[in-house]
A.B. asks: 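Quick one: structure below, then a few questions.
Chain identifiers are assigned alphabetically (A, B, ...) following the order of the sequence lines, protein sequences preceding nucleic acid strands; residue numbering begins at 1 within each chain. Keep in mind that the numbers below use all heavy atoms, side chains included, and drop hydrogens, waters and symmetry copies. This one's a predicted model, so the numbers in the text were calculated from it and none came from an experiment.
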Amino acid sequence: MAGEATTIRVVETREDVEAFTAWTETVRSRVVAFDTETTSTDIYAPGFRLRLAQFGTETDAWVIPVDAHQVPEPRRSLAARAVVDMLNDHPRLTVHNATFDALIAARHLGVDLDSLWSRVTDTTILAHLCDPRGPEDGGTGMSLKALAAQRVDSDAPDTATGLYAAFREIGHTKDTGWAAIDLHHPLYTLYAGLDVILGARLYHSLSAEAAVRGFGRLAEFEHAVALVCAKIEARGFRVDPGYLSELSIRLAGEATQWGGVAAEFGVTSVNAPAQVSAALVGMGETLTETTDTGALKVDKEVLKPLADLDRDWERVGAREPNLLAEAVLRAKRAAKWRVSYADAMLSRRDADDRIHPSITALKARTARMSISRPPLQQLPSGDWVIRRALVADFPGWVVGGVDYAAVEMRILAALSGDPVMCQAIHDGHDLHDYTAELIFGPAFTKGHRKIAKGVGFGKVYGGGPDTLARQTGAPLEQVRATLREYDRVYRGIKRYSRRLVQRAEYGCREVITPAGRVLPLDRRRLYAAVNYMVQSTARDVLAEALLRLDERGLTPYLRLPVHDEVVWTAPADIAADVGREIADAMTVPDFFGVPLFTDLEIGGYSWGSLYGAPL
DNA sequence: ACTTTCACG
DNA sequence: ACGTACGTGAAAGTG
């Protein structure tokens with residue numbers, strides 16, 4: 001690799017296990033990379049197995065088979081023991097995407113998560129601090145392969161492709177081959193061994209750059225945040241399988257029924273935009289909006305007016321509803337809710353009816369977290385039916401939530417130091433009410449407040465008058481006028497926004513957040529600087545809150561972080577105390593001169609109860 | 001692989 | 001001078 005000879009050893013005998021243990025003694029002062037190969041990425045699925053554990057330096061790797069299905073006893077236990085000893089004792093380890101392997105070590109090898117974590121450096125964290133961009137945005141992304149190609153050896157052997165070919169030879173796919181490939185297949189062990197050699201080399205490259213660029217403290221912070229998120233993931237969130245089964249059937253029926261209606265109009269698949277647009281045009285509807293590639297757009301913003309439905313799916317009474325448009329809307333929604341949410345939760349639950357969504361604590365360019373499999377940060381919020389499926393841990397427990405009040409606006413006020421907005425916050429005003437009154441006078445209406453709120457967000461997000469008019473539903477001229485007034489009233493925000501974009505224009509194309517994060521900007525979208533600054537800072541406010549919650553011993557109650565809130569569960573008799581404690585730990589009394597307050601909600605048995613569900 | 005759509009903050 | 005909403009995850013269809 002990179003012109004240097006490397007060695008990969010595969011443990012095949014009892015003596016090999018001893019040789020591995022002897023090797024671990026010789027590398028005690030070195031940073032050793034750790035990695036695993038498993039039957040799947042579903043750590044908590046029944047039938048999940050750890051198959052290989054690997055350790056390595058820049059030049060030497062050990063591949064240790066521990067799969068109970070293929071390694072005979074007592075060698076398997078001896079090998080597993082040797083792996084556990086290394087994980088428990090070695091002073092400095094590096095892992096690429098450490099949350100995954102650490103959770104496996106904790107659940108399937110009985111390793112103590114806190115102890116292991118205190119000795120681990122996660123190279124995805126370092127890579128994200130050095131460049132948070134994904135490959136689609138001109139960055140390298142966080143995959144081991146791409147990072148290693150960039151920093152270690154652009155000609156590093158591409159073992160994955162060969163391995164996938166081996167999967168196909170045994171009648172499997174990219175996804176299923178991991179469980180089926182022979183434990184001693186040479187491509188499999190080669191792939192496994194190379195990964196730790198690459199990982200060790202990547203560590204040295206990334207840690208050097210992170211140190212030079214002063215990311216040490218931020219890296220430490222991110223490791224602490226990732227540990228709290230790993231604990232939340234390990235505990236999981238309980239689902240109600242009986243409710244989900246019934247819901248799945250009901251949604252399937254709805255999708256079939258509305259799909260049948262669409263079929264009467266010649267639309268055999270409601271998910272085929274070309275079919276839908278052709279049928280609508282054939283019925284005499286005029287479609288004007290187009291997609292990026294010039295096709296006629298038929299998303300729900302286009303279809304709802306045709307179906308005479310407003311944003312909340314209520315009849316408007318403005319026209320004769322187009323039955324096809326309505327059928328497509330309802331069929332698609334029912335199918336999506338069933339497949340992406342109900343069935344996803346049902347299929348991913350563990351033996352205790354808990355789901356363990358994968359939480360990536362440091363994901364977006366702005367450092368925002370992401371939650372996947374299933375995407376619990378994106379469950380429908382306008383209706384309680386999906387969230388009703390997530391329930392408290394035991395009978396007699398309840399679900400609650402704590403969220404920050406208007407956190408992005410407050411952060412914008414604090415960072416810009418805008419005196420008018422800061423004063424309004426100190427005086428305890430509702431920010432959007434306050435803005436509406438400033439612009440429209442004391443007799444402002446709900447509609448005025450909505451426009452004021454939209455313009456406030458527009459400032460954070462960098463939107464123009466057209467987008468804001470579309471979003472708020474207000475007339476373009478009124479939005480333009482409001483934007484002008486906004487700039488006049490909140491001069492500090494205007495000045496701050498201009499300064500951020502100007503710096504990006506004349507300096508390097510990046511913003512540096514108060515946390516010390518360097519966020520690269522796209523050449524064509526320098527205006528995004530304000531949004532990046534605010535969104536990223538809001539993320540760090542929640543991340544710091546997670547650390548305070550953990551310090552207060554509240555992590556066992558936490559179920560999810562959702563950008564500006566946490567979801568928790570607790571026994572009903574202490575729920576008020578737990579909720580207050582969480583709300584208090586999250587509160588930031590003085591964020592650059594502005595208080596960040598929290599709102600506490602205590603619900604019932606299900607998360608849906610916070611959205612109007614009866615239970 | 002790419003596009004389109006839809007769910008969230 | 002002009003004009004741009006930001007960030008995600010996931011499924012399904014098309015080719």
Side-chain angles (χ1 to χ4, degrees), chain A residues 132-134 136-137 255 267-277 289-304 328-329 331-344 357-360 362-383 385-387 401 403-404 406-409 412 454-472 479-480 483 497 501 511 519 521-536 538-539 542 560-567 611:
Chain A
R133 291 173 302 174
E136 321 79 29
D137 304 316
V267 173
T268 55
S269 171
V270 293
N271 284 314
Q275 276 188 40
V276 175
S277 59
E289 300 226 45
T290 54
T291 65
D292 288 341
T293 57
L296 288 174
K297 199 166 199 175
V298 283
D299 65 7
K300 70 173 157 60
E301 296 324 308
V302 171
L303 294 182
K304 273 185 180 172
V328 170
L329 282 165
K332 279 173 80 170
R333 183 165 77 159
K336 174 168 179 127
W337 286 19
R338 181 174 73 86
V339 175
S340 297
Y341 305 130
D343 290 353
S358 159
I359 304 175
T360 307
L362 184 58
K363 174 68 193 191
R365 188 191 299 205
T366 56
R368 262 194 170 188
M369 298 177 183
S370 87
I371 298 186
S372 59
R373 306 181 324 156
L376 294 193
Q377 284 183 325
Q378 289 123 285
L379 303 187
S381 61
D383 193 322
V385 292
I386 298 294
R387 295 186 195 230
D403 69 330
Y404 284 105
V407 69
E408 293 199 341
M409 289 306 296
L412 182 59
V455 170
F457 279 117
K459 284 285 155 197
V460 179
Y461 296 144
D466 289 327
T467 315
L468 286 175
R470 194 162 11 95
Q471 286 286 321
T472 56
V479 170
R480 284 218 181 93
L483 276 164
S497 308
V501 176
V511 283
L519 310 180
L521 292 162
D522 300 333
R523 195 192 315 270
R524 285 171 218 295
R525 291 155 64 243
L526 296 182
Y527 62 88
V530 185
N531 175 251
Y532 284 10
M533 179 70 98
V534 172
Q535 189 180 103
S536 185
R539 180 278 184 187
L542 185 76
L560 288 175
V562 192
H563 302 311
D564 66 346
E565 66 172 316
V566 299
V567 181
Y611 295 80

A.B. asks: Looking at B/dT5, B/dC8, B/dT4, which one has an atom nearest to any side-chain atom of A/Lys332?
C.D. replies: B/dT5
A.B. asks: Is it true that A/Asp522 and A/Arg365 make a salt bridge, defined as a side-chain N closer than 4.0 Å to a carboxylate O?
C.D. replies: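 The answer is yes: the pair qualifies as a salt bridge.
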A.B. asks: Would you kindly give the CH2-to-P distance between A/Trp337 and B/dC6, to the nearest whole Å?
C.D. replies: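 Computing the A/Trp337:CH2 to B/dC6:P distance gives 13 Å.
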A.B. asks: When rounded to the nearest 0.5 angstrom, what is the spacing between CG in A/Leu542 and CG in A/Asp403?
C.D. replies: 10.5 Å
A.B. asks: When the distance from CZ of A/Arg539 to C1' of C/dT8 is rounded to whole Å, what number comes out?
C.D. replies: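 Taking atom C1' of C/dT8 as the reference, CZ of A/Arg539 is at 14 Å.
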A.B. asks: In whole angstrom, what separates A/Lys297's NZ from B/dC6's C1'?
C.D. replies: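 These atoms are roughly 12 Å apart.
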A.B. asks: Nearest 0.5 Å, please: how far is CH2 in A/Trp337 from CG in A/Leu379?
C.D. replies: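 The distance works out to 10.0 Å.
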A.B. asks: With the sugar-phosphate defined as primed atoms, P, OP1 and OP2, and the base as all remaining atoms, what B/S/- string results for nucleotides 9-15 of chain C, 5' to 3', for protein heavy atoms under 4.0 Å?
C.D. replies: BSSSSS-
A.B. asks: Give, for atom CG of A/Leu329 and atom CG of A/Leu303, the distance between the pair rounded to the nearest 0.5 Å.
C.D. replies: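 One finds 4.5 Å between CG of A/Leu329 and CG of A/Leu303.
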A.B. asks: Rounded off to whole Å, could you give me the CG-to-C1' distance for the A/Asp564 and C/dT8 pair?
C.D. replies: 14 Å
A.B. asks: Would you tell me if any nitrogen or oxygen in the side chain of A/Tyr532 comes within less than 4.0 Å of OP1 or OP2 on C/dC6?
C.D. replies: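 Result: no.
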A.B. asks: Expressed as a whole number of angstroms, how long is the span from A/Gln535:CD to C/dC6:P?
C.D. replies: 11 Å
A.B. asks: Under 4.0 Å: is that the gap between some side-chain N or O of A/Arg525 and OP1 or OP2 of C/dC6?
C.D. replies: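 Looking at the OP1 and OP2 atoms of C/dC6, one of them is under 4.0 Å from a side-chain N or O of A/Arg525.
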A.B. asks: Taking any heavy-atom pair under 4.0 Å as a contact, classify A/Arg387: base, sugar-phosphate, or nothing.
C.D. replies: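 If one applies the 4.0 Å heavy-atom cut-off, A/Arg387 turns out to touch the sugar-phosphate alone, with no base involved.
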A.B. asks: Send over the distance from A/Asn531 CG to B/dG9 P, rounded to a whole Å.
C.D. replies: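 After rounding, the reported distance stands at 16 Å.
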A.B. asks: side-chain contact (heavy atoms from CB on, under 4.5 Å), that's the test. Do A/Arg368 and A/Lys363 meet it? Break it down for me.
C.D. replies: CA-CA 6 Å; A/Arg368 262 194 170 188; A/Lys363 174 68 193 191; over 6 Å; no
A.B. asks: So how far is it from A/Leu560 CG to A/Ile371 CD1, rounded to the nearest 0.5 Å?
C.D. replies: 5.0 Å
A.B. asks: Can you tell me how far CD of A/Gln377 sits from OG of A/Ser372, rounded to the nearest 0.5 angstrom?
C.D. replies: 9.5 Å
A.B. asks: Please determine, by modelled atom types, if A/Gln275 and A/Thr268 share a side-chain donor-acceptor pair under 3.5 angstrom.
C.D. replies: yes
A.B. asks: For A/Glu289 and B/dT5, what is the distance between atoms CD and C1' respectively, to the nearest whole Å?
C.D. replies: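 Distance, rounded to whole Å: 14 Å.
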A.B. asks: Within the 4.0 Å heavy-atom criterion, would you say A/Val460 contacts the bases, only the backbone, or no part of the nucleic acid?
C.D. replies: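 Counting heavy atoms under 4.0 Å across all strands, no contact is made by A/Val460.
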A.B. asks: Could you spell out the base pairing of DNA chain C as a dot-bracket line? Use Watson-Crick and G-U wobble contacts where both distances are under 3.5 Å, [ ] for crossing pairs, | for partners on a different strand.
C.D. replies: .....|||||||||.
A.B. asks: Tell me what A/Gly382 touches on the nucleic acid: a base, only sugar-phosphate, or nothing, going by heavy atoms under 4.0 Å.
C.D. replies: sugar-phosphate
A.B. asks: How would you list, by chain and number, every residue that makes a side chain to side chain donor-acceptor pair (under 3.5 Å) with A/Arg373, sequence neighbours excluded?
C.D. replies: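 Partners of A/Arg373 under the side chain to side chain donor-acceptor pair (under 3.5 Å) test: A/Thr41, A/Asp42.
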A.B. asks: Give the rounded distance in Å between these two atoms: CG of A/Asp403 and C1' of B/dG9.
C.D. replies: 11 Å
